[in-house]
Peer 1: 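Below is one structure. I have some questions about it.
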Number of protein chains: 2
Amino acid sequence: MGVRNARPPQPTLEMVAAEAGVSRATVSRVVNGSPKVRPEVVVSVTAAIERLNYVPNRAARSLASRQTQSVALVVPEDMTKFFGDPYFAAVVQGITQRLDESDYTLNLLVASTDPRHKTMRYLRAGNVDGALVISHHTGDSFVADLESTMPVVFGGRPTNDSGANNYFVDVDNIAGSMSGVQHLVDIGRRRIGTITGPVDMPAGIDRLTGFRRVLENAGLATDAVEHADFTAAGAAAATRRLLERCPDIDALFVASDLMATGALGVLAEQGRAVPRDIAVVAYDDSPAAISGSIGMTTVSQPSKEMGFAMADLLLRLLADDETVPHRNIMPTSLVLRESA
Amino acid sequence: MGVRNARPPQPTLEMVAAEAGVSRATVSRVVNGSPKVRPEVVVSVTAAIERLNYVPNRAARSLASRQTQSVALVVPEDMTKFFGDPYFAAVVQGITQRLDESDYTLNLLVASTDPRHKTMRYLRAGNVDGALVISHHTGDSFVADLESTMPVVFGGRPTNDSGANNYFVDVDNIAGSMSGVQHLVDIGRRRIGTITGPVDMPAGIDRLTGFRRVLENAGLATDAVEHADFTAAGAAAATRRLLERCPDIDALFVASDLMATGALGVLAEQGRAVPRDIAVVAYDDSPAAISGSIGMTTVSQPSKEMGFAMADLLLRLLADDETVPHRNIMPTSLVLRESA
DNA sequence: ATGTGGTGTGAGAGCGCTCTCATTTAGGGT
DNA sequence: ACCCTAAATGAGAGCGCTCTCACACCACAT
């Protein structure tokens with residue numbers, strides 16, 4: 001184990017109490033902002049804390065209070081995917097924004113392939129009071145275990161939302177994708193293809209459903225579908241397959257901005273002009289939508305606000321707020337740029 | 001505070017001990033893999049643990065052992081910057097790779113503007129056994145406090161590396177940038193400009209120093225310098241300034257791949273062909289170097305390996321390994337692609 | 001029989017905090 | 001003067017674990 005390179009020991013509550021000439025309990029009250037301490041005592045205790053540069057020990061505190069004041073963000077994806085997609089950046093930003101207003105801290109658990117087990121142990125070991133889960137797949141069974149242990153809020157409708165007792169924040173992905181695809185129909189496109197997200201994720205499934213629904217309503221073919229994995233490279237490959245199979249498409253609905261960057265690359269490479277030859281509508285309205293040489297028309301979802309809402313929901317759950325709604329469905333809107 | 005939505009209480013060591021008919025101490029030994037327990041006892045205790053689905057409580061453990069088995073990665077940048085730059089993704093990946101082999105967990109602290117204080121409190125509250133710091137700036141005084149509290153390993157030479165008792169992993173940024181700039185000289189460019197990183201960061205300063213050194217050796221002008229902030233947008237603006245001030249440049253050394261994407265955008269926009277009109281050499285060899293339409297010639301640094309090395313160094317420090325070297329300088333190499 | 005030296009196990013004292021009570025103190029009311 | 005109440009404080013029992021000892025036990029040698 002090792003003796004740890006010698007460090008000056010941190011001051012304890014006990015020491016502060018001695019310094020201030022009061023009991024441990026009183027110092028604890030001051031630290032926790034209890035109203036029932038005489039003002040002058042508060043002052044002297046605060047001074048003692050200052051003098052000793054005291055910081056309460058988290059382990060002791062959480063052992064005694066059975067709370068950790070921290071929450072986890074569980075992301076069942078590998079690092080590359082997590083860092084590669086600006087969508088995650090936005091969500092995390094929203095989450096931290098809300099958390100910064102509280103005194104909870106965030107624990108990022110990007111649980112790729114193997115350490116799924118390790119992550120669960122970490123969570124169950126009482127390291128956090130609650131969890132936020134984003135980008136979960138059908139196969140992610142660990143979620144059920146998690147929910148029996150602590151409050152959980154999902155980003156995106158959970159795959160097993162049968163009981164309706166899950167808490168989650170989402171957009172109406174079907175309506176969102178419908179607005180995007182409808183736009184393609186409205187501008188006169190008739191042979192519309194799509195690059196989908198993973199079909200083991202609600203966001204992937206629902207956006208595909210929206211696509212189909214619009215085309216069926218319009219009496220158009222719905223066979224130009226290729227699946228991808230929410231990565232640029234995966235979308236590029238899918239786009240190649242699609243162009244090979246359906247060379248006649250005049251429009252493309254891509255289930256995320258990041259994937260659209262991949263698709264646009266292939267389109268350029270094959271000499272298909274956007275939007276003239278092929279109009280493209282993407283999804284997310286993340287920075288990826290405007291980083292390229294051509295601005296993307298995309299279904300905008302308030303990713304950052306969703307992160308904020310998730311954290312807010314969880315915090316209220318942790319505060320035993322009885323009034324919290326189980327689901328928070330946020331609005332999407334179509335943002336028109338150059339690609340369609 | 002709230003009573004926490006009722007959850008089945010987690011089993012404790014005590015309960016496992018009762019279940020297995022041994023003492024707490026023995027269960028503790030089994031859990032911690034002590035060799036001095038009779039094999040048959042190990043079996044029965046393990047069975048009891050399994051039966052109760054026991055997971056040790058981290059708070060209690062760390063209170064008693066004075067260790068947390070987790071380390072922090074402190075990044076004094078805002079979220080957007082952190083998520084925007086693939087360099088960070090690579091480093092984090094390397095860190096987690098090393099940590100996954102151990103039983104330490106990572107705590108990501110992306111400490112933007114305000115919560116610097118909050119971060120320090122978190123760290124000093126004994127939440128982690130040690131810290132990794134990347135992307136630190138001259139003004140980041142909190143680092144000194146940190147070092148007096150726990151072992152710290154830096155990614156990149158610390159700004160105050162006076163005492164030489166800091167631990168860090170880095171590349172020779174001066175030599176690295178020299179190799180890149182020298183290449184520009186070697187291919188016959190004579191009016192070479194640079195977009196630098198922030199000059200309050202060693203990586204920014206050193207890469208600029210390398211730039212200057214090569215040009216001075218070659219008897220070329222070193223005035224075509226514009227400062228940026230390691231973001232694509234910042235670099236784009238700097239490139240515009242530079243082209244305005246020195247329209248005659250025939251080569252550009254950009255201090256990071258991400259910044260180079262911004263520079264290339266401006267170059268394209270202004271109709272300067274790369275590499276014909278302006279040859280570009282970047283730095284990092286991150287995915288950003290190959291994601292664009294033109295492959296970047298770039299100074300490759302082993303970002304992921306550096307993350308791995310940082311974590312490795314810290315873990316050895318935590319294990320009281322006396323033999324750890326204070327600094328680990330890793331090699332760079334020039335990767336030739338199309339941009340120069 | 002007695003001693004000697006392991007080796008596995010249990011008892012028990014904390015780790016630094018919170019929180020329930022009991023106790024003290026001050027302030028009315030009669 | 002008295003009692004009664006309310007407010008401020010302290011004493012002390014844990015929270016679930018680790019870790020130091022002391023002890024019991026079993027060879028094996030004397």
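Here is the naming used below: chain letters follow the sequence lines, and residue numbers restart at 1 for every chain.
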Peer 1: How about B/Arg66 and A/Asn57: does a side-chain donor come under 3.5 Å of a side-chain acceptor?
Peer 2: no
Peer 1: Might you point out which heavy atoms bring B/Pro56 and A/Arg121 nearest each other, and give the distance in Å?
Peer 2: CD-NH2, 3.5 Å
Peer 1: Tell me whether the count of non-hydrogen atoms from other residues, nucleotides or ligands lying under 6.0 Å of CD in B/Glu40 goes above 12.
Peer 2: yes
Peer 1: To the nearest angstrom, how far is B/Leu63 atom CG from D/dC19 atom P?
Peer 2: 12 Å
Peer 1: Does A/Arg24 make a side-chain donor-acceptor contact with the base of C/dT18, cut-off 3.5 Å?
Peer 2: yes
Peer 1: With a 3.5 Å cut-off and just heavy-atom distances, do the side chain of A/Arg66 and the base of D/dG14 make a donor-acceptor pair?
Peer 2: no
Peer 1: Please determine whether a side-chain nitrogen of the Lys or Arg among B/Arg157 and B/Asp170 lies less than 4.0 Å from a carboxylate oxygen of the Asp or Glu.
Peer 2: no
Peer 1: Ion pair present between A/Arg316 and A/Asp312, side-chain N to carboxylate O less than 4.0 angstrom?
Peer 2: yes
Peer 1: Is A/Ser135 close to A/Tyr87 at the side-chain level, that is, under 4.5 Å between some pair of heavy atoms?
Peer 2: no
Peer 1: What is the distance, rounded to the nearest whole Å, between atom CG of B/Leu13 and atom C1' of C/dA11?
Peer 2: 15 Å
Peer 1: Write down the distance between CE (B/Met15) and P (D/dC15), rounded to a whole number of angstrom.
Peer 2: 12 Å
Peer 1: Report yes if a side-chain nitrogen or oxygen of B/Ser28 is closer than 4.0 Å to either non-bridging phosphate oxygen (OP1 or OP2) of D/dT18; otherwise report no.
Peer 2: yes
Peer 1: How many Å lie between NZ on A/Lys36 and C1' on C/dC19, as a whole number?
Peer 2: 12 Å
Peer 1: Just compare C/dG10, C/dC17, D/dG10 and give me whichever is closest to any side-chain atom of A/Thr12.
Peer 2: C/dC17
Peer 1: Write down the distance between CG (B/Asn32) and C1' (D/dC17), rounded to a whole number of angstrom.
Peer 2: 9 Å
Peer 1: At under 4.0 Å, does any side-chain N or O of A/Ser23 touch on OP1 or OP2 of D/dG10?
Peer 2: yes
Peer 1: Which of the following nucleotides, D/dG10, D/dC17, D/dG14, is nearest to the side chain of A/Ala64?
Peer 2: D/dG14
Peer 1: Figure out the CZ/P separation between B/Arg29 and C/dT9, and round it to whole Å.
Peer 2: 8 Å
Peer 1: Which nucleotide sits closest to the side chain of B/Thr26: D/dG16, C/dA13, C/dG10?
Peer 2: C/dG10
Peer 1: Which residues in residues 37-61 of chain B have a heavy atom closer than 4.0 Å to any atom of DNA chain C?
Peer 2: B/Val37, B/Arg38, B/Val41
Peer 1: Is a side-chain N or O of B/Arg124 found less than 3.5 angstrom from the main chain of A/Asn53, in a donor-acceptor match?
Peer 2: yes
